Amino acid sequence: MPPSATSQPANIDLLRIDDQLTSEERLVRDTVRSYTADRVMPHIADWFEAGTLPRELVPELGKLGLLGMHLTGYGCAGMGAVAYGVTCREMEAADSGLRSLVSVQGSLSMYPIWRYGSEAQKEEWLPRMAAGEAIGCFGLTEPDHGSDPGSMKTYAKPNDKGWVLSGTKMWITNGPIADVAVVWADTPDGIRGFLVPRGTRGFTAQTIHKKMSLRASLTAELHFDEVKLPADAVLPGVTGLKGPLSCLSEARFGIVWGALGAARACLESALDYACTREQFGKPIGGFQLTQSKLAWMLADLTRAQLLALHLGRLKEAGKVTPEQVSLGKMANVRTAIDIARQARTILGANGITLEYPVIRHENNLESVLTYEGTEEIHALAVGQALTGLSAYR
Ligand SMILES: Cc1cc2nc3c(=O)[nH]c(=O)nc-3n(C[C@H](O)[C@H](O)[C@H](O)COP(=O)(O)OP(=O)(O)OC[C@H]3O[C@@H](n4cnc5c(N)ncnc54)[C@H](O)[C@@H]3O)c2cc1C
């Protein structure tokens with residue numbers, strides 16, 4: 001049948017990869033999809049334009065059991081890695097900013113407390129964070145130290161009462177609204193993590209404005225001006241860069257999946273547009289060049305989805321390595337941004353307006369390409385795994 005203005009785009013899960021999900025994982029998928037369809041999609045373009053994401057979404061996400069969902073105990077849902085990945089995918093199909101909020105809360109703020117915190121720290125923060133009553137942020141990057149966090153200047157000096165923390169952290173997601181900051185600082189013993197509650201004297205968070213990407217996400221610069229912290233503010237369970245890097249590995253796994261949600265949304269939008277937009281007397285989806293674009297977008301998305309699912313099952317088996325996550329983050333974000341860019345061309349001029357989701361996703365993915373390890377840094381991690389040679393410096 002020739003394409004017509006009313007032809008319906010096919011289900012883009014052509015290989016039926018989602019059939020590999022368990023019934024519980026499919027339930028999570030459908031729950032998140034229906035939540036974002038109801039609560040996020042009607043407003044997301046406006047939130048993106050205004051540069052905001054309403055805080056009241058956070059307790060709603062808590063009620064759905066999505067905050068720290070891959071952790072156990074303390075009110076966390078204790079779900080598997082693939083269920084977490086599917087959640088990230090469906091969140092990011094709405095917006096990377098929403099997925100970032102969930103990633104930072106669960107993987108970068110709750111995870112370090114859950115893995116390295118004292119019992120008292122866990123009891124104090126995790127149940128409230130799982131419920132979305134308290135929001136966390138993760139302060140590693142500094143204005144002059146991004147890809148090389150080991151050279152950080154933020155310093156925590158021990159004294160007889162506890163610690164004195166000084167320094168600046170940059171680009172901190174959730175920073176403007178966080179109730180607790182997990183801050184990584186150098187100490188005489190090496191890098192340690194500190195829990196700094198909002199309102200602590202000398203701690204300020206300044207919202208970063210004028211972002212052209214991840215606008216529906218709140219980002220801050222955190223300042224610590226000789227902040228006095230009690231001795232028990234430190235996470236007792238880890239010293240060294242492996243602390244923050246292990247958290248990042250958790251969050252990057254979410255990105256491996258999340259980026260595919262953005263890519264899928266772009267492909268769906270382009271497909272829908274291609275089947276309805278007419279030029280030269282027929283739908284543009286009826287032109288071979290458009291179909292070739294769509295076919296390659298689907299092929300790339302399908303491969304990337306298989307990679308994500310495989311990594312997820314490896315993670316559930318306790319076998320995943322940081323290099324494997326680097327490979328997944330590097331490959332899948334590149335795939336997603338390529339799909340977004342191709343989708344943009346199919347929408348023509350409409351591809352640059354917030355009336356359609358594509359430019360929003362494309363711009364968001366520019367941040368996703370950079371944060372939690374740039375594409376180049378992950379290439380170096382994979383390169384080192386391949387050659388045994390470190391090329392970082
Ligand atoms: C929207 C957003 C949210 C963020 N949220 C957080 C957060 O919540 N918490 C947090 O701690 N950080 C956060 N970040 C910071 C992010 O992790 C850093 O931006 C990232 O690590 C890169 O650091 P940089 O921007 O300083 O770039 P740089 O490190 O200065 O890198 C600039 C360029 O040089 C390249 N480069 C650097 N070193 C090498 C090398 N050895 N070999 C080859 N190329 C190299 C990089 O790949 C990149 O292309 C966020 C960033 C953004 C944009």
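Just so it is clear, the values below take in all heavy atoms, side chains as well, and ignore hydrogens, waters and symmetry mates. Atoms within a ligand are numbered from 1 in the order they appear, just like the ligands themselves. Here the structure is a predicted model, which is why all the values come from computation and not from measurement.
Salt bridge status for Arg99 with Glu92: present, with a side-chain N to carboxylate O gap under 4.0 Å. Salt-bridge check for Arg313 with Glu25: passed, with a basic side-chain N closer than 4.0 Å to an acidic carboxylate O. Classification of Arg303 and Asp300 as a salt-bridged pair holds, one side-chain N sitting under 4.0 Å from a carboxylate O. In summary, Glu323 and Arg252 do not engage in a salt bridge, as defined by a charged side-chain N under 4.0 Å from a carboxylate O.
Separation of the Trp163 and Phe194 ring centroids falls under the 6.0 Å cut-off.
Protein residues with a heavy atom closer than 4.0 Å to ligand 1 are Phe138, Leu140, Thr141, Gly146, Ser147, Trp171, Ile172, Thr173, Leu214, Ser367, Thr370, Tyr371, Glu372, Thr374, Glu376, Ile377, Leu380, Tyr392, listed by chain and number.
Between Arg192 and Trp184, the closest side-chain pair of non-hydrogen atoms is not below 4.5 Å.
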